[in-house]
Amino acid sequence: MPELPDVEAYRRHLVATALHRRIDGVEHVSTEMLTGLSATTLRRKLVGTSLESSRRHGKYLFARTDGGPWLVLHFGMTGRLDCDGRAGGDRDHTRLVLALHGGCSLAFEDQRKLGGIWLTDDVDRFIAARNLGPDALTVEKAGFLDALHGRRGAVKATLMNQSIVAGIGNIYADEILFHARVHPRRPVQQLDEGARVQLHRQVRHVLGTAADRNADPGRMPRSWLLPRRTEGEPCPRCGGRVERIRASGRSAYLCPRCQRR
DNA sequence: AGTACCACCTGACGGC
DNA sequence: TGCCGTCAGGTGGTAC
């Protein structure tokens, strides 16, 4: 599931459940998920500390220990963060568990192991090293226009390019383009200033709304494309038929009547 | 700079 | 029930 709204929901969940609790143990460490980091080091840096604050940039979640370093999580396609299920819902796919003093255990699960776990001393350097663009939820109009400036590619590929703007994935790219009434294959070049401003508005609106609803697909507005992501379903706006095409190597759903090429 | 394709890994689902 | 192809919300590399 994890695009920006999901990661933001995980961050809020972490803040509500796991901050300021001593980490008594680090369990179920999946070493395949660690890059440039051993399970021993991870344990040594985490046990006895507590998580004191959090950040998110695009699809990356950061949690700062009072010992200094930040724990970094990326959720790939199947990652989840859960602090309720004390026994952990999903032992098979659990990749990291922080046993918290007097509270729940914070469990990171990732069936397909496409996510990752890191430690970093400097979040901004971590972000820069990965070449991430501005965060899509918080980027201001000027920053967004800047990011699009001079781009010649298809608009959907551009929105999903994490080094241009960070946090938009396949599902929400479709949702944003549906609201902005732009066809996914439309070259960015062809969007005038007004269309770009509208696109920025929809980026913030769609991601913000989804995050506030915990990225729960069942809670998305009926006026959205998301509940209608199936070929032939009625467009919630015009009643036309939802179409599925291939765009930038992924499935794209759109309403061909609302989103002209 | 942009695109298309492959790989990573582990499934779920439909057709036969 | 088993086998096979296809698809899945991410990212990184390669080749053109």
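Remember, it's a predicted structure, so these values are computed and weren't measured experimentally. So you know, we letter chains A, B, ... as the sequences are listed, proteins then strands, and number each from 1. The figures that follow rest on heavy atoms only: side chains count, while hydrogens, waters and symmetry mates do not.
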Problem set entry | Closest to the A:S251 side chain, choosing from B:dG11, C:dG9, C:dA8 | C:dA8

Exercise. Please give, in whole Å, the distance from C:dG10 C1' to A:R95 CZ?
Worked result: 15 Å

Problem set entry | Interatomic distance at P, B:dC5 relative to C:dT6, whole Å | 14 Å

Seminar exercise, completed: Checking N1-N3 plus N6-O4 or O6-N4 for Watson-Crick, or N1-O2 and O6-N3 for wobble, each under 3.5 Å, the partner of B:dC9 is none

Seminar exercise, completed: A:L159 atom CG is separated from C:dG9 atom P, nearest whole Å, by 16 Å

For this session: Starting at atom CD1 of A:I127, determine the distance to atom P of C:dT11, rounded to an integer number of angstrom.
Result: 14 Å

Problem set entry | N-O pairing of A:R22 and A:D24 below 4.0 Å | yes

Exercise. Roughly how far apart, to the nearest Å, are B:dC8 and C:dC3 at atom C1'?
Worked result: 24 Å

Exercise. Among the nucleotides C:dG10, C:dA8, B:dT3, which one has an atom lying closest to any side-chain atom of A:K59?
Worked result: C:dG10

Problem set entry | Geometric class of the A:W118/A:Y60 ring pair [parallel <30°, tilted 30-60°, perpendicular >60°] | tilted

For this session: Please tell me which of the listed nucleotides, B:dG2, C:dG12, C:dG10, lies nearest to the side chain of A:R152?
Result: B:dG2

Exercise. Think A:Q162 has a side-chain N or O under 4.0 angstrom from the OP1 or OP2 of C:dT11?
Worked result: yes

Exercise. Should the pair A:D212-A:R12 be classified as a salt bridge under the 4.0 Å nitrogen-to-oxygen rule?
Worked result: yes

Seminar exercise, completed: Scanning all shown strands, the Watson-Crick or wobble mate of B:dG15 with both distances under 3.5 Å is C:dC3

Exercise. A:H74 side chain: which of C:dA8, C:dG9, C:dT11 is closest?
Worked result: C:dT11

Seminar exercise, completed: To the nearest angstrom, the CD-C1' distance between A:E32 and B:dC8 comes to 12 Å

Exercise. Under 2.5 Å between the SG atoms of A:C83 and A:C104?
Worked result: yes

Exercise. Which is true for A:R244 with a 4.0 Å heavy-atom rule: it touches a base, it touches only sugar-phosphate, or it touches nothing?
Worked result: sugar-phosphate

Exercise. Does a side-chain N or O from A:K113 land closer than 4.0 Å to OP1 or OP2 of B:dC8, or not?
Worked result: no

Problem set entry | Derivation of the side-chain contact (heavy atoms from CB on, under 4.5 Å) call for A:V72 and A:F126 | CA-CA 9 Å; A:V72 187; A:F126 185 92; 3.6 Å; yes

For this session: Quick one: sort the A:H200 and A:F144 rings into parallel, tilted or perpendicular, breaks at 30° and 60°.
Result: tilted

Exercise. Is there a donor and acceptor pair closer than 3.5 Å between the side chain of A:R151 and the base of B:dA1?
Worked result: no

Problem set entry | Interatomic distance where CD1 belongs to A:I171 and C1' belongs to C:dC7 [whole Å] | 12 Å

For this session: Answer yes or no: does a side-chain N or O of A:T78 lie under 4.0 Å from OP1 or OP2 of C:dG9?
Result: no

Problem set entry | A:R250 CZ - B:dT3 P separation (whole Å) | 15 Å

Exercise. Whole-Å distance between C:dG9 P and A:R112 CZ?
Worked result: 9 Å

Exercise. Taking atom C1' of C:dG10 as reference, at what distance in whole Å does atom OH of A:Y172 sit?
Worked result: 15 Å

Exercise. Between A:H93 and B:dG11, does any side-chain N or O lie under 4.0 Å from OP1 or OP2?
Worked result: yes

